[in-house]
Amino acid sequence: MTDGKRKDVIIGEDEAAGWIRDGMVISIGGFLNSSHPMPIIRAIIRNGIKNLTIVGAASAGLETDLLIGAGCAKTVIAPMISGESLAPIGPSFRYFAQRGAIEVVELDEHMYYQGLRAAAELMPSLPWRGGIGTDYAKINPRLKEFDDPVTGERLLAVAAINIDIALIHAAAADPFGNVQHIGTGFGDRAHHRAADRTIVTVDKVIANEEVRANPYRTSIAGVDAVVRAPYGSHPFASPGEYLEDAAHIREYVAAASARLKSGDNGPFDEYLQKYIVEPKNHAAYLTRIGFERILSLYEL
Amino acid sequence: MTDGKRKDVIIGEDEAAGWIRDGMVISIGGFLNSSHPMPIIRAIIRNGIKNLTIVGAASAGLETDLLIGAGCAKTVIAPMISGESLAPIGPSFRYFAQRGAIEVVELDEHMYYQGLRAAAELMPSLPWRGGIGTDYAKINPRLKEFDDPVTGERLLAVAAINIDIALIHAAAADPFGNVQHIGTGFGDRAHHRAADRTIVTVDKVIANEEVRANPYRTSIAGVDAVVRAPYGSHPFASPGEYLEDAAHIREYVAAASARLKSGDNGPFDEYLQKYIVEPKNHAAYLTRIGFERILSLYEL
Amino acid sequence: MPPDNDYTNKELMAAFVASEIADGEAVSVGASLPVCRAGILLAHLTHAPNLKVQISFTITNLRNVEVLPAFEFITDWRAGRWAEFLYNHDIGPDLYKRRRQAIFFIGGLQIDAYGNSNLIGIGSDFHHLKMRGPGGVGTASMGTNIGRYYLYTNAHNKQTLTERLDWRSCFGFGDGGADARTRLHLPGGGPRYCITPLCIFDFEETSKRMRLKSLHPGVTLEQVLDHTGFKPVVPDHVPTTPGPTPEQLRLLHERIDTDGVLRRP
Amino acid sequence: MPPDNDYTNKELMAAFVASEIADGEAVSVGASLPVCRAGILLAHLTHAPNLKVQISFTITNLRNVEVLPAFEFITDWRAGRWAEFLYNHDIGPDLYKRRRQAIFFIGGLQIDAYGNSNLIGIGSDFHHLKMRGPGGVGTASMGTNIGRYYLYTNAHNKQTLTERLDWRSCFGFGDGGADARTRLHLPGGGPRYCITPLCIFDFEETSKRMRLKSLHPGVTLEQVLDHTGFKPVVPDHVPTTPGPTPEQLRLLHERIDTDGVLRRP
């Protein structure tokens, strides 16, 4: 049944976070220190969600590291986890991986995209040549060597990476789920296509008329939910909206690195308490960060 | 050596056509009755080029039919050749195929795109599920059934479709080969990526500054040659610039259908003589068509 | 042949198409099948306000467009004026997971009793076909992957609806059987109905052979059997295909088919 | 340790990178390797005006940008202001045919004598690595497919330049031999040189083992051998890596590296 009107897909951050349940496969869009849907990430931690398989970005950033550090992850699929110069290797990723406390699905960036495409195409796998002659197939059971049916050349079959819920952050979307990134949107489209459902947090909700005035700018049409979240990528950048908060990221890295170096959980737990457990929602989180810091993240 | 300046890639229609030699694999962009690089197509016929393998659009139009009719094609790769309501099946395609005078590589649209992608990815083949249970693999030696290495499901391997020269028509490009289509550009990107070299005819050359003011609009960066050709898609449409010239297309269809129905080459040869052999270049062709007809092709 | 009534057979078929479309689904508004186009838009303007409409390589919502002109060619960029999103045609293979809620219409030079279809050509020698067809376009892939699809033909005769195809370019239910598709691991549900100018066929559950589902008003069982090249399953009771409502007709005449394409003989 | 001279070792390395880049090639200007960034831009502002520069997920030409600020993060959208084209990162697999004229720089936790490299980690038990690396990013694929690439390291020591990798994440020349790559049907040419703070290595033609190509000014053969975990091929005569010209230094100081990143100790 319908009331005859077009339905918007805007929902609140709590409702969106409620879609994510123990054991699901979720993906997180963006790239390194940019464009992560942080209100949902923090809510996942606050909700105590466990045993997630996390498909990070092609170069995942410290948002994935944070989820690992908070104990939400069972398996991680990402060709890299890094905070660039702020933390060349994710410190929680290092800590959990080195102890065998998470399963790491080791793959290269283009194996990764072939796996996501296989899912989007309803295919069991897609082949790739990169990685032939390396150790990838020895340590990743989702890769299988085989001979190309046409020429007999040796290739890797990359098993489909199917996603339950893709989580993306973008500059803007209209109420009907038409997303417009500033910049390219990195690999976000590939997550969306490989996923059953997609949730996008946006810095701004724009009118449908604005989308129709610039349809070339629409990067993804028809996501399943839009969550309004100004500064929703903080402490990471949102292209054209604000830069990353390097000081805050360093605070996180220091906390996570303390555990890596000495096994001391204290600083990490304090970080969680201060920025994730106590602030119950995005507005409370931003309040804790404070306007002074937020307004200092000059976009140009 | 370099004179220190950035080089433009604008060349004349004759020079561009000179790139195409007997026996090459060429592709033709656009879709059905829209967006074909006609000055180059006509020059190919005028130059008497033979034995081409023609990769048509996913739905190729009568420009491919014309090349077949003019005897330039040895092999045709296209999931469909049609002029929509003006000619549901390309009449020259029918004539040559029914006599066994061209090799038809029979494939479905998404097999076709997987084949083009395989070329772009330097892969020998890519798999596809669509077509399992059909006759495609029986009549197309470039398709091979095999079992998925991960799940054992039956799939088709589609051999790479490598292109020597991709021929595309677009609304605009800057002098450095940054192309901006109006509309989507159909499957033109896939041709470009599968090709060693790409030539684009454009209705308009725009300044590099205009490209930089709208970089989101750039559909293909770095083509190898840009040929300025206002009304260069005539008699077919160019999105946002002009509609198809249905009367002219009907004239072509009548000529080609005469041969199909009665084996009479006369009308087809007359068409070639009038519109392709005698007018030695694009301006001469447009002169033959006349301003009255050209100006009648209202774009909205 | 429409009965003594105020609607044509094509308008009736469009109303049937409309009844099949659920709100929120993704549909393609092409140019070559005016009945399907009209049926889709009829659903959109009535019970399916959230349809995801693909038109001229854009995706949009046409609910608020006062009059929807029918463009003769699928490439007509004038239909792009309503775009919310433009898609590059070559990403088609990557859209199937998101197209599970999509529906599609597939025609054929030939359609057989198990819903397989042929767009390749007529004749037994592939290199010397008696009639070279246009090519299968995307039907093999759509038919394999998409949630469900509809066979559609304007030519209900023994040449088109045939026991054996000369060439199979799109797999419906193969040689039949409830597991015809799952055996081959085809993700899509296959053809749901076959829509013709005389009747609607569905597919009998265990054999997956075409079964008469309804006769259009004024059409007899004998007429159908006389013009069908295979023997369909015929249930004891065959209802009549319901016609369009006055409101549906009004929308067709005033907003969807103002040129009267469906009212031409 | 740079010699008594007016340029630093990093500026010398940047000049070497510049000398390797031909006009019209496609290059990626990242953030994590300032020396490679500077070398690429140096080529662009001198002999390579037609470079196809990838920067922050755009492609453009930076020839006319007066001062090229170095952004700390590859995602910094401020570098998008010069864009002529934006590319979606996920189409990467489809760009290799068009990247045959591209070059790339690849680093590693470990690099072996045959130019293979490791970004996975240190330690023999994959599930309990002693040091978990960041992951291989796109190096396996780029190394396989791209026309040629350069190994680059800031750490010329026995841990990094090692006889045996713990894990091979990028294939250079495998276990060696002139046909090491063609045997596996790898389309790309493999690593051309390995650039370190002490020297440049190339690969001996028949064994594909690293060979000393040039020593940076003031560096001795013994120093290199002492700090290299494998035995490179050493020719009779090893030339000195040439330093930057005054014009190159001027461009570095005034347009490319105004913050002096390459001049820091």
Side-chain angles (χ1 to χ4, degrees), chain B residues 30-35 57-60 78-82 84-85 88-90 93-95 97-100 104 106-111 113-114 116-117 128-136 138-139 151 153-154 182-190 219 237 239-240 243-244 246 299-300, chain C residues 31-32 56-58 72-78 80-81 83 86-94 96 116 118-121 123 125-145 165-172 174-175 180-181 183-188:
Chain B
F31 207 90
L32 292 168
N33 287 306
S34 186
S35 306
S59 285
M80 180 188 225
I81 300 181
S82 166
E84 292 202 86
S85 56
I89 307 170
F93 170 55
R94 278 191 66 185
Y95 181 74
Q98 289 172 191
R99 296 159 65 97
V104 178
E106 196 81 37
L107 34 57
D108 161 276
E109 187 167 290
H110 292 162
M111 300 173 201
Y113 281 128
Q114 294 296 76
L116 289 170
R117 273 192 191 170
W128 192 238
R129 198 195 303 267
I132 287 295
T134 71
D135 289 331
Y136 276 105
K138 293 179 197 157
I139 52 183
T151 65
E153 293 168 53
R154 200 76 174 154
I182 295 177
T184 69
F186 311 108
D188 289 359
R189 290 166 186 78
S219 44
L243 293 180
E244 63 290 327
E299 64 277 13
L300 188 69
Chain C
S32 58
S56 198
F57 309 91
T58 75
E72 189 172 357
F73 304 113
I74 196 177
T75 51
D76 198 322
W77 178 241
R78 291 175 295 183
R81 73 183 75 167
L86 282 73
Y87 63 93
N88 307 335
H89 193 251
D90 59 288
I91 64 160
D94 297 350
Y96 281 110
N116 309 295
N118 170 20
L119 280 166
I120 292 172
D125 177 358
F126 174 67
H127 299 289
H128 296 84
L129 292 169
K130 275 184 246 156
M131 202 281 259
R132 168 68 233 190
V137 217
T139 57
S141 296
M142 295 294 261
T144 295
N145 288 317
L165 305 177
D166 290 358
W167 301 96
R168 188 192 285 172
S169 54
C170 178
F171 186 95
D175 300 322
R181 294 181 64 89
R183 208 162 51 208
L184 297 181
H185 307 282
L186 307 185

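So you know, we letter chains A, B, ... as the sequences are listed, proteins then strands, and number each from 1. Because the structure is a prediction, the values reported are computed rather than measured.
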Would you compute the distance between atom [atom1] of [X] and atom [atom2] of [Y] and round it to the nearest 0.5 angstrom?
| X | Y | atom1 | atom2 | value |
| --- | --- | --- | --- | --- |
| Ser82(B) | Ile74(C) | OG | CD1 | 10.5 Å |
| Tyr113(B) | Asp94(C) | OH | CG | 12.0 Å |
| Ile139(B) | Ser169(C) | CD1 | OG | 8.5 Å |
| Tyr136(B) | Arg168(C) | OH | CZ | 12.5 Å |
| Gln98(B) | Leu129(C) | CD | CG | 7.0 Å |
| Glu244(B) | Asp76(C) | CD | CG | 6.0 Å |

Original post:
Can you say whether Asn88(C) sits under 4.5 Å from chain B via the side chain, the backbone, both, or neither, judging by heavy atoms?
Top reply: both
Subject >> Asp175(C) atom CG, neighbour heavy-atom count above 12 within 6.0 Å >> reply: no
**OP:** Applying salt bridge (Lys or Arg N to Asp or Glu O under 4.0 Å), run through Glu106(B) and Arg132(C) and close with a yes or a no.
**Re:** CA-CA 11 Å; Glu106(B) 196 81 37; Arg132(C) 168 68 233 190; 2.7 Å; yes
Using a 4.5 Å cut-off on heavy atoms from C-beta on, say whether the side chain of [Y] contacts that of [X].
| X | Y | value |
| --- | --- | --- |
| Phe186(B) | Thr75(C) | yes |
| Leu119(C) | Met80(B) | no |
| His89(C) | Thr184(B) | no |
| Asp108(B) | Ser141(C) | yes |
| Leu186(C) | Ile132(B) | yes |
| Trp128(B) | Pro93(C) | yes |

Against chain B, work out which of [options] has the most heavy-atom pairs shorter than 4.5 Å and name it.
| options | value |
| --- | --- |
| Ala180(C), Gly174(C), Cys170(C), Gly133(C) | Gly133(C) |
| Thr139(C), Asn118(C), Leu86(C) | Leu86(C) |
| Arg81(C), Glu72(C), His185(C) | His185(C) |
| Phe126(C), Tyr96(C), Trp167(C), Phe171(C) | Phe126(C) |
| Gly143(C), Gly121(C), Pro187(C) | Pro187(C) |
| Lys130(C), Arg78(C), His127(C) | Arg78(C) |

Subject >> Side chain Glu109(B), main chain Val137(C), donor-acceptor under 3.5 Å >> reply: no
Contacting region of [X] [heavy-atom separation from chain C under 4.5 Å]:
| X | value |
| --- | --- |
| Leu243(B) | side chain |
| Ala237(B) | neither |
| Arg99(B) | backbone |

Heavy-atom pairs under 4.5 Å with chain C - which of [options] has more of them than the others?
| options | answer |
| --- | --- |
| Gly187(B), Gly183(B), Ala190(B) | Gly183(B) |
| Ser59(B), Gly130(B), Ala97(B) | Gly130(B) |
| Lys138(B), Met111(B), Arg189(B), Arg154(B) | Arg189(B) |

Subject >> Which atom of Pro88(B) lies closest to which atom of Pro134(C), heavy atoms considered >> reply: O-CB, 3.8 Å
**OP:** Can you see which heavy atom on Trp77(C) is nearest to which on Gly240(B), and at what distance?
**Re:** CD1-N, 3.4 Å
